[in-house]
Amino acid sequence: MTNSEFRFAHHPEDVKKYTTEELRKHFLIPNLFKKDEINLTYTMYDRYIAGGAFPVSKKIKLDTIDDLKADYFLERRELGVINVGGKGKVTVGGEVYEIGHKEALYVGRGNKEVFFEAADGEQPYFYLNSAPAHKEYPVKKVTLAEAEVVELGDSKYSNKRKINKLLVNSVVDTCQLQMGMTELKEGNVWNTMPPHTHTRRMEVYFYFDLEEGQTISHFMGQPQETRHIFMQNHQAVISPEWSIHSGAGTSNYTFIWGMAGENLDYSDMDGVQPHELK
């Protein structure tokens, strides 16, 4: 079963007036993984889709959703998959791909059938991102060993981290979808600090590897008009193109970033220094 929810885009002047409840309603994606279901959120920010596939007792199929008005899900779209659980399998057009913990799979436009299932008695958690696509590109699995890795930050500033660029144009051909995974070192809690915006692209953050009982405060909004959303493990948050996207946890954690928009230039960012934030 594939379920979906629709989210509109928002003007930054309107977001200034949102209560905590309204902010969470419009930007937080709290329930991605439900037993033997695929749960998707379709946002009008670059028509991006984020969701989760959680096959427990059976193989589940990625069906089209009504908002797409398409005969099948990938008729006009591309898909990125990152497994944040145990070993699992993704079947695309009859070909089976075994996807381990923190491994990724790119699925190009035009693939009519995509299935998810558990493997070898383990429990996978497939995190999904999708964006509109104008061209077909081949299916490709990407492991952590194949990722483009960047080390950033400093323990002095509590932001020492490793960025694993998994589904980016330097590793795999995509139309506009880009995904990667940032792992914070133990004792470090700040991500994407100093922060930035990029009006050419929107973004979605998905947090995991968070110790039970801990929390993450995700910061969003225009640099001089910031807001925060407290988040738990296995939750995602939508980041508009006009918004910063940064966070701090009560322990270290890992997060997946996914984005789409005007270009594929990872370094296309408008930086903001910490002392400039309000």
Looking only at atom types and distance, does a side-chain atom of [X] sit under 3.5 Å from a main-chain N or O of [Y], one as donor and one as acceptor?
X: T2; Y: K61; answer: yes
X: N164; Y: M181; answer: yes
X: K160; Y: V189; answer: no
X: S4; Y: T41; answer: no
X: N111; Y: V114; answer: no
X: E78; Y: C175; answer: yes
X: S155; Y: S158; answer: no
X: H10; Y: F8; answer: yes
X: R201; Y: D46; answer: no
X: H228; Y: S217; answer: no

Using the ring of each side chain (for Trp, its six-membered ring), is [X] parallel, tilted or perpendicular to [Y], with breaks at 30° and 60°?
X: F27; Y: W242; value: perpendicular
X: F208; Y: F206; value: parallel
X: Y205; Y: F255; value: tilted

Shortest non-hydrogen contact between N83 and G88, atoms and distance
ND2-N, 3.9 Å

Closest approach of V150 to K165 (non-hydrogen atoms, all atoms of both residues)
CG2-CE, 4.0 Å

Is there a side-chain contact between [X] and [Y] in this structure, where contact means two heavy atoms from C-beta onward sitting under 4.5 Å apart?
X: M179; Y: W257; answer: no
X: M231; Y: T215; answer: no
X: I163; Y: V149; answer: no
X: M1; Y: N39; answer: no

Audit row: N252, N188, side chain to side chain donor-acceptor pair (under 3.5 Å) steps and yes/no:
CA-CA 6 Å; N252 63 312; N188 292 267; over 6 Å; no

Do I256 and V81 belong together in a cluster built from hydrophobic side chains that touch within less than 4.5 Å?
no

When hydrophobic residues are tied together by side-chain contacts of less than 4.5 Å, even through go-betweens, does F33 share a cluster with V90?
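Shared cluster, no.
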
Before we go on, tell me: are the rings of H245 and H196 under 6.0 Å apart, centre to centre?
yes

Within this structure, what is the [atom1]-[atom2] distance for the pair [X] and [Y], rounded to the nearest 0.5 Å?
X: L167; Y: D173; atom1: CG; atom2: CG; answer: 11.5 Å
X: R7; Y: I49; atom1: CZ; atom2: CD1; answer: 13.0 Å
X: H234; Y: I29; atom1: NE2; atom2: CD1; answer: 14.5 Å
X: K59; Y: D36; atom1: NZ; atom2: CG; answer: 13.0 Å
X: D265; Y: H198; atom1: CG; atom2: NE2; answer: 10.5 Å
X: Q235; Y: N31; atom1: CD; atom2: CG; answer: 7.0 Å

For [X], which residues count as a side chain to side chain contact (heavy atoms under 4.5 Å, CB included) partner, sequence neighbours excluded?
X: K87; answer: E98, A119, D120, E122
X: A9; answer: M44, Y45
X: Y97; answer: V92, E95, I99, L105, V139
X: L264; answer: N169, T174, Q178

Audit row: R24, E21, salt bridge (charged side-chain N to carboxylate O under 4.0 Å, His left out) steps and yes/no:
CA-CA 5 Å; R24 295 174 70 87; E21 182 180 354; over 6 Å; no

Not counting sequence neighbours, list each pair that qualifies as a salt bridge (Lys or Arg N to Asp or Glu O under 4.0 Å) and has a residue in residues 223-232.
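Qualifying pairs, neighbours excluded: E225-R227.
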
Is there a side chain to side chain contact (heavy atoms under 4.5 Å, CB included) between F126 and L128 once you walk through the steps?
CA-CA 6 Å; F126 294 111; L128 315 177; 4.2 Å; yes

Is the number of heavy atoms from other residues, nucleotides or ligands within 6.0 Å of [atom1] ([X]) greater than 12?
X: E151; atom1: CD; value: yes
X: E212; atom1: CD; value: no
X: K25; atom1: NZ; value: no
X: F6; atom1: CZ; value: yes
X: E276; atom1: CD; value: yes

Would you sort out whether R109 and R77 count as a side chain to side chain contact (heavy atoms under 4.5 Å, CB included), showing the intermediate values?
CA-CA 5 Å; R109 190 182 83 163; R77 289 188 155 265; 5.9 Å; no

Derivation and outcome, side chain to side chain donor-acceptor pair (under 3.5 Å), residues E203 and S239
CA-CA 5 Å; E203 199 156 354; S239 179; 5.7 Å; no

Residue pair R200, E262: steps toward the salt bridge (charged side-chain N to carboxylate O under 4.0 Å, His left out) verdict:
CA-CA 5 Å; R200 277 71 57 194; E262 184 69 24; over 6 Å; no

Candidate pair E103 and K141, rule salt bridge (charged side-chain N to carboxylate O under 4.0 Å, His left out), full reasoning:
CA-CA 8 Å; E103 294 184 339; K141 175 182 172 179; 3.3 Å; yes

Over-ring placement of K89 relative to F116, 6.0 Å and 45° cut-offs:
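Pair K89/F116 does not count as cation-pi.
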
Quick one: do K102 and T254 satisfy side chain to side chain contact (heavy atoms under 4.5 Å, CB included)? Show the steps, please.
CA-CA 10 Å; K102 294 185 177 179; T254 304; 3.9 Å; yes

Applying the side chain to side chain donor-acceptor pair (under 3.5 Å) criterion to Y253, which one of N191, N233, D209, T182 satisfies it?
N191

Could you list all the ring pair (Phe, Tyr, Trp, His ring centres under 6.0 Å) pairs where at least one residue sits in residues 52-91, not counting sequence neighbours?
F54-Y125

Applying side chain to side chain contact (heavy atoms under 4.5 Å, CB included), run through Q123 and V56 and close with a yes or a no.
CA-CA 7 Å; Q123 181 56 67; V56 177; 3.6 Å; yes

Under the criterion side chain to side chain donor-acceptor pair (under 3.5 Å), I'd like the reasoning laid out for E148 against S170: C-alpha separation, chi angles, the key distance, then a yes or no.
CA-CA 8 Å; E148 181 181 330; S170 57; 2.4 Å; yes

